[in-house]
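These numbers come from the heavy atoms of this one structure, side chains and all, not from hydrogens, waters or symmetry mates.
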Amino acid sequence: MKIFAVASFGLVLCAPTVARAQTPSKSVWIQDYTAPEVVAKVSGGMTTLLYVGGATHADGPAVAVGKHVRVATVIAQRIAEEVGNALVLPINPYAEQIQQMAHTAPQSGPVVGGTIHLMPETHALLMKDVVNSAILAVRGSEGLVGTGFKNVMLMGDHTQGQDTIRRVASDLDREWKPKGVRVFYIDEGNAGKNQMEEYLDKLNRNITKARMTGIDDAAELMAVDPDHKWLRVENLPPAERDIITPQAGKLFLDFKINSAVQQIRKALAEGATKTP
């Protein structure tokens, strides 16, 4: 698996707005282009479409509720840049928040203000409408050269709702495969979380699984938010402040990005061999 140097991350992890500070012709974000420019980009080879889900939910007294949106913005851009032929849809800020709404998420506790929850069926319909319309809008436009998007990657930075994303990817792939489009589920959220837990286990600090999520969330946000606009450092648990660092956050982000890129490259190879 390709490992990206942590030092190079500092250039793009200052904040999502900095990460997206590209000239219009170089941007990976579909929303930065006019309609004719989108069609031209796809005609020119940008035939992979990325859907990345964020979330808006309570995450304790130190982490802003929009953490997953901020982090997903940076992750999506890095993934698209590594893949090379991808355009990214706007980050979906809403996801399933069953644990927060039930007050069973350890890092949230009894205070869940700011949480926005989608029912699984709503979450699924939203993703289907977004992906279907994005594909059809390009296919139905004058001036398109080629067949439009060929591969769509669905992933989410929030661990809740991953089963829904996987199911939607399977449903969409079944619908679109006969028409020359492959749709794949990319395990970004869970894969990164598993590697993060392995890393924290090796520190031999007796960190419980419940505490690991809080450490992960705060460290990732610290990596993309050096000015602490979305992180309340004074509210971090004193016993964890030496673990919650920008360096740890960049490492956790690397876990997610490296894993997602590897999965996407495998999926692209599979799509090239199996697409009619």
Check the pair Val168, Leu154 against side chain to side chain contact (heavy atoms under 4.5 Å, CB included), reporting the backbone distance first and the verdict last.
-> CA-CA 8 Å; Val168 168; Leu154 269 60; 3.7 Å; yes

Output, in order, the C-alpha distance, side-chain angles, deciding distance and verdict of side-chain hydrogen bond (donor to acceptor under 3.5 Å, both in side chains) for His57 and Gln99.
-> CA-CA 10 Å; His57 68 76; Gln99 293 179 16; over 6 Å; no

Stepwise side chain to side chain contact (heavy atoms under 4.5 Å, CB included) test for Trp29 and Ile91 = CA-CA 10 Å; Trp29 297 90; Ile91 301 296; 3.9 Å; yes

Should Glu175 and Asn132 be marked as a side chain to side chain contact (heavy atoms under 4.5 Å, CB included) after you check the CA-CA gap, both sets of side-chain angles, and the distance that decides it?
-> CA-CA 10 Å; Glu175 174 186 345; Asn132 283 331; 3.9 Å; yes

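Residues meeting the side-chain contact (heavy atoms from CB on, under 4.5 Å) test with Met212, sequence neighbours left out: Met196, Glu197, Leu200, Asp201, Ile207, Lys209. Residues meeting the side chain to side chain donor-acceptor pair (under 3.5 Å) test with Thr213, sequence neighbours left out: Lys193.
Using a 4.5 Å heavy-atom cutoff, the side chains of Leu87 and Thr48 are not in contact. Between Val224 and Leu253, the closest side-chain pair of non-hydrogen atoms falls below 4.5 Å. Here the side chains of Leu50 and Leu89 are not in contact, with every heavy-atom distance at 4.5 Å or above. Met155 places none of its side-chain heavy atoms less than 4.5 Å from the side chain of Ile165. Arg205 places a side-chain heavy atom less than 4.5 Å from the side chain of Asp242. Annotation: side chain of Val152 is in contact with side chain of Ile135 (closest heavy-atom distance under 4.5 Å). Side-chain contact check for Lys128 versus Leu172: some heavy-atom pair is nearer than 4.5 Å. Considering only heavy atoms from C-beta on, Asn151 comes within 4.5 Å of Phe184 through its side chain.
Side-chain atoms of Arg139 come within 3.5 Å of backbone atoms of Thr147 as a donor-acceptor pair (strictly under, hydrogens ignored). A donor-acceptor pair is defined here as one N or O able to donate and one able to accept, closer than 3.5 Å; no such pair exists between the side chain of Ser259 and the backbone of Phe255. Glu37 places a side-chain N or O within donor-acceptor distance of the main-chain N or O of Thr34, the cut-off being under 3.5 Å. Side-chain atoms of Asn92 come within 3.5 Å of backbone N or O of Tyr94 as a donor-acceptor pair. Side chain of Asp173 to backbone of Val183: a donor-acceptor contact under 3.5 angstrom is found. The main-chain N or O of Phe149 is never found under 3.5 Å from a side-chain atom of Thr47 such that the two would form a donor-acceptor pair. Listed for the Asp225 side chain is no donor-acceptor partner under 3.5 Å among the backbone atoms of Leu221. Judged purely by atom type and a 3.5 angstrom limit, His103 uses its side chain to pair as donor or acceptor with the backbone of Pro110. Within the 3.5 Å criterion, the main-chain N or O of Leu251 finds no donor-acceptor partner in the side chain of Tyr199. In this structure, Ser27 contributes its side chain and Asp32 its backbone to no donor-acceptor pair below 3.5 Å.
Under the side-chain hydrogen bond (donor to acceptor under 3.5 Å, both in side chains) rule, Gln160 has a single partner from His123, His117, Gln100, which is Gln100.
For the pair Lys67 and Asp217, the salt-bridge criterion is met [side-chain N within less than 4.0 Å of a carboxylate O]. Between Arg182 and Glu270, at least one side-chain N (NZ, or NE/NH1/NH2) sits under 4.0 Å from a carboxylate O, which counts as a salt bridge.
A continuous path of hydrophobic side-chain contacts links Leu49 to Leu136 [ILVMFWY only; heavy atoms under 4.5 Å]. The cluster map of Ile, Leu, Val, Met, Phe, Trp and Tyr, joined by side-chain heavy atoms under 4.5 Å apart, puts Ile30 and Val145 in different clusters. Side-chain heavy atoms closer than 4.5 Å link hydrophobic residues (I, L, V, M, F, W, Y) into clusters, and following such links, possibly through other members, connects Val69 to Val28. Taking hydrophobic clusters as Ile, Leu, Val, Met, Phe, Trp and Tyr residues chained together by side-chain heavy-atom distances below 4.5 Å, Val65 does not share a cluster with Met222. With hydrophobic clusters built from ILVMFWY side chains whose heavy atoms lie under 4.5 angstrom apart, Val130 shares a cluster with Ile116.
Applying the salt bridge (Lys or Arg N to Asp or Glu O under 4.0 Å) rule to pairs touching residues 155-169 yields Asp157-Lys256, sequence neighbours excluded.
Side-chain contact check for Tyr185 and Gln263: no donor-acceptor pair (N or O, by modelled atom type) lies under 3.5 Å. Counting only N and O atoms by type, the side chains of Glu96 and Thr164 include a donor and acceptor under 3.5 Å apart. Side-chain N/O atoms of Asn190 and Thr159 include no donor and acceptor closer than 3.5 Å.
To the nearest 0.5 Å, atom OG1 of residue Thr115 and atom CD1 of residue Ile98 are 13.0 Å apart. Taking CD of Gln31 as the reference point, atom OH of Tyr33 lies at 11.0 Å (rounded to 0.5 Å). Within the model, atoms CD1 of Ile243 and CZ of Arg211 stand 6.5 Å from one another, a figure rounded to the nearest 0.5 Å.
Val138 approaches Gly148 most closely through the heavy-atom pair CG1-CA, 4.1 Å. When all heavy atoms are compared, the tightest approach of Pro93 to Thr56 is O-OG1, 2.7 Å. Scanning all heavy atoms of the two residues, the minimum distance from Gly45 to Asn85 falls at O-CB, 3.5 Å. The two residues Ala95 and His158 have their closest heavy-atom pair at CB-CD2, 4.1 Å. Shortest non-hydrogen contact noted between Ala72 and Val52 is CB-CG1, 4.0 Å. Contact between Ala267 and Met153 at its shortest, heavy atoms only, is CB-CE, 4.0 Å.
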